[in-house]
Amino acid sequence: ILASILSLIIYWIIRDRHRVRYLNGKHVFITGCDTGLGNSLAKWLDKKGFCVIAACATEKGSQELRSCSSLSLKTVNLNLADSDSIARAVVFVTEQTAGKGLFGLVSNAEGTAPIGPTDWLSIEDFHSALDVSLLGLIEITLKLLPLLKKAEGRVVNLINAKGLMAFVGGGYNLSKWGMEAFSDTLRIEMQHFGVKISIVEHGFFKEEEVNSDIIEKNLFKLWNRLTPEIRDSYGEKYL
């Protein structure tokens, strides 16, 4: 037993010391780079020498990121709720990688979703989160798999751990649980091709601190659009 434990410790030490070498020429595509974690990661990988392709939702986000990065960092506008936008981004990534394949895909973008009891929400409220955070993620991953297989690359899906706690209704939690299931299935299937699939479950970041005023405003907005019957069933005290 002791020998087995020591062997595992030695294995972990050797494994954790392994580092990717020869970073130049390795392309990494990151979604959700306007602000926050995606933005910081794009800058960090750029400094490390990777060829970063950063997807931003706005032109302003793209310009600000390029202004503080090296010339090797490229940006592309991406709306994960729009299949045409996804197709254009895939063409751009294919052109940038120039036959080398894609070393890494980091999915970070999140859709906006109202927070409230499920009974207060409409199907459109669910779509606002699922179309971006889950279905958009799946679509762009599927379209980039040929490039990932060519480079024997890796997919890293960033999942906010608060989305794994089902304490509120809406599409946000569904998208996070769906990302977990999609990642776990894809990991098994891609082993044959040498493609690694990882999940990083992170917590709150400073820029993500909850603004209670915004949450309260959105709750009142949901409340005011309810039918009298549903409002009466909950009552003012519940609100």
Side-chain angles (χ1 to χ4, degrees), residues 30-40 54-65 77-89 106-141 157-183 199-239:
I30 310 171
T31 65
C33 293
D34 294 79
T35 58
L37 184 56
N39 184 277
S40 299
C56 297
T58 64
E59 184 58 35
K60 179 183 177 182
S62 296
Q63 291 176 355
E64 291 179 351
L65 182 56
N77 290 342
L78 175 63
N79 177 6
L80 283 173
D82 182 357
S83 292
D84 291 336
S85 179
I86 291 174
R88 289 192 294 269
V106 182
S107 292
N108 171 61
E110 291 189 346
T112 57
I115 296 175
T118 301
D119 201 14
W120 297 13
L121 304 173
S122 66
I123 192 64
E124 288 75 22
D125 296 326
F126 284 85
H127 276 294
S128 65
L130 294 174
D131 287 351
V132 173
S133 298
L134 181 58
L135 299 178
L137 174 143
I138 292 173
E139 183 174 355
I140 199 163
T141 302
N157 289 329
L158 304 179
I159 300 177
N160 197 320
K162 70 176 182 283
L164 302 177
M165 298 179 287
F167 63 91
V168 69
Y172 187 82
N173 296 79
L174 292 176
S175 70
K176 301 311 170 190
W177 288 36
M179 285 171 67
E180 292 265 349
F182 175 70
S183 302
I199 300 170
V200 176
E201 296 174 352
H202 62 82
F204 279 107
F205 289 88
K206 188 173 183 180
E207 62 268 20
E208 291 180 340
E209 288 178 353
V210 176
N211 188 324
S212 58
D213 292 336
I214 294 176
I215 293 177
E216 185 174 326
K217 181 180 178 180
N218 288 335
L219 279 173
F220 274 108
K221 185 177 179 180
L222 292 174
W223 175 261
N224 290 330
R225 79 178 188 189
L226 294 176
T227 64
E229 181 183 9
I230 295 179
R231 274 204 300 267
D232 291 342
S233 70
Y234 283 90
E236 292 286 346
K237 186 177 180 180
Y238 183 90
L239 175 64

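Note that these values count all heavy atoms, side chains included, but never hydrogens, waters or copies made by symmetry. Values in this document were obtained by computation on a predicted structure and should not be read as measured data.
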* Could you state the interatomic distance from CG (Leu239) to CH2 (Trp120), rounded to the nearest 0.5 Å? -> 5.0 Å

* Asked: Should we count CD of Glu59 as having more than 12 external heavy atoms under 6.0 Å?
  -> yes

* Structure fact -> Heavy-atom closest pair (Thr118 atom, Gly170 atom, distance to 0.1 Å) is OG1-N, 4.3 Å

* Asked: When rounded to the nearest 0.5 angstrom, what is the spacing between CG in Asn79 and CD1 in Ile86?
  -> 8.0 Å

* Ile199 side, atom CD1; Ser183 side, atom OG - distance, nearest 0.5 Å -> 4.0 Å

* Output yes when a side-chain donor or acceptor of Asp131 lies under 3.5 Å from a complementary backbone atom of Ala81, and no otherwise. => no

* Asked: Between the main-chain N or O of Asp34 and the side-chain N or O of Asn39, is there a donor-acceptor pair closer than 3.5 Å?
  -> yes

* Asked: How far does OH of Tyr238 sit from OG of Ser233, to the nearest 0.5 angstrom?
  -> 9.5 Å

* To do: Begin from the C-alpha positions of Ile159 and His202 and carry the test side-chain contact (heavy atoms from CB on, under 4.5 Å) through to its verdict.
  => CA-CA 6 Å; Ile159 300 177; His202 62 82; 5.9 Å; no

* Structure fact -> For Cys33 and Ile30, the nearest pair of non-hydrogen atoms, with its separation, is SG-O, 3.4 Å

* Give, for atom CD1 of Ile138 and atom OG of Ser133, the distance between the pair rounded to the nearest 0.5 Å. => 11.0 Å

* For Cys56 and Leu65, which heavy atoms make the closest approach, and how far apart are they? -> SG-CD2, 4.3 Å

* side-chain contact (heavy atoms from CB on, under 4.5 Å) between Glu180 and Glu201, worked out -> CA-CA 10 Å; Glu180 292 265 349; Glu201 296 174 352; 2.5 Å; yes

* Asked: Looking only at side chains, do Ser122 and Asp125 share a donor and an acceptor under 3.5 Å apart?
  -> yes

* Structure fact -> Rounding to 0.5 Å, atoms CG (Asp82) and CZ (Arg88) come to a distance of 6.0 Å

* Asked: Side-chain contact, heavy-atom cut-off 4.5 Å: Leu134 with Leu174?
  -> no

* Structure fact -> In terms of heavy-atom contacts, Leu219 and Gly116 come closest through CD2-CA, 4.0 Å

* Structure fact -> When Leu78, Val106, Leu158, Val132 are each screened for side chain to side chain contact (heavy atoms under 4.5 Å, CB included) with Thr31, the one that passes is Leu78

* Asked: Is the ring centre of Tyr234 less than 6.0 Å from the ring centre of Trp223?
  -> no

* Just do the side-chain contact (heavy atoms from CB on, under 4.5 Å) check on Leu80 and Leu137 with the steps written out, would you? => CA-CA 7 Å; Leu80 283 173; Leu137 174 143; 5.5 Å; no

